[in-house]
Amino acid sequence: MDASIPPSRGLTIKREFARRGVSISQWARAHGYSSQLVYQVLAGRKRCIRGQCHEIAVRLGLKDGVLGTVADIDALGAAADPCPRPSDGKEGAP
């Protein structure tokens, strides 16, 4: 599976940075990322499946996704029972 960002989409984002007068390095620092990593994502050299590459791609609108932590995923699992137990029809019976 190749989940890298096509270079043409990265070029569109680079043009938007230029249009707004913001450097990619400024954006990277403001969000706590290495500017080198942001450039690699924009160039399509990273797969952007997980971790900071995924976060960068989602924040820049290069891919659909959700930002969160492992703890968030644990909480989701507790909230939704993936295997509900079938009712035996005896609930509330004396």
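- To the nearest 0.5 Å, atom CZ of residue R45 and atom CD of residue Q36 are 8.5 Å apart.
- Here R50 pairs with nothing under the salt bridge (charged side-chain N to carboxylate O under 4.0 Å, His left out) rule; sequence neighbours left out.
- The two residues Y39 and S25 have their closest heavy-atom pair at CE1-OG, 4.1 Å.
- Hydrophobic clustering keeps L11 apart from L42 (ILVMFWY residues linked when any side-chain heavy atoms are closer than 4.5 Å, directly or through intermediates).
- Contact check for I24 versus S35: no side-chain heavy atoms found under the 4.5 Å cut-off.
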For residues 54-61, tabulate all N or O donor-acceptor pairs below 3.5 Å that involve a side-chain atom, not counting sequence neighbours.
from : atom 1 : to  : atom 2 : distance (Å)
H54  : ND1    : K63 : NZ     : 2.8
H54  : NE2    : V66 : O      : 3.2
E55  : OE1    : Y33 : OH     : 2.9
R59  : NE     : Y33 : OH     : 3.0

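- A distance of 11.0 Å separates OG of S34 from CZ of R29, quoted to the nearest 0.5 Å.
- Closest approach of C48 to V41, counting heavy atoms only: SG-CG1, 3.7 Å.
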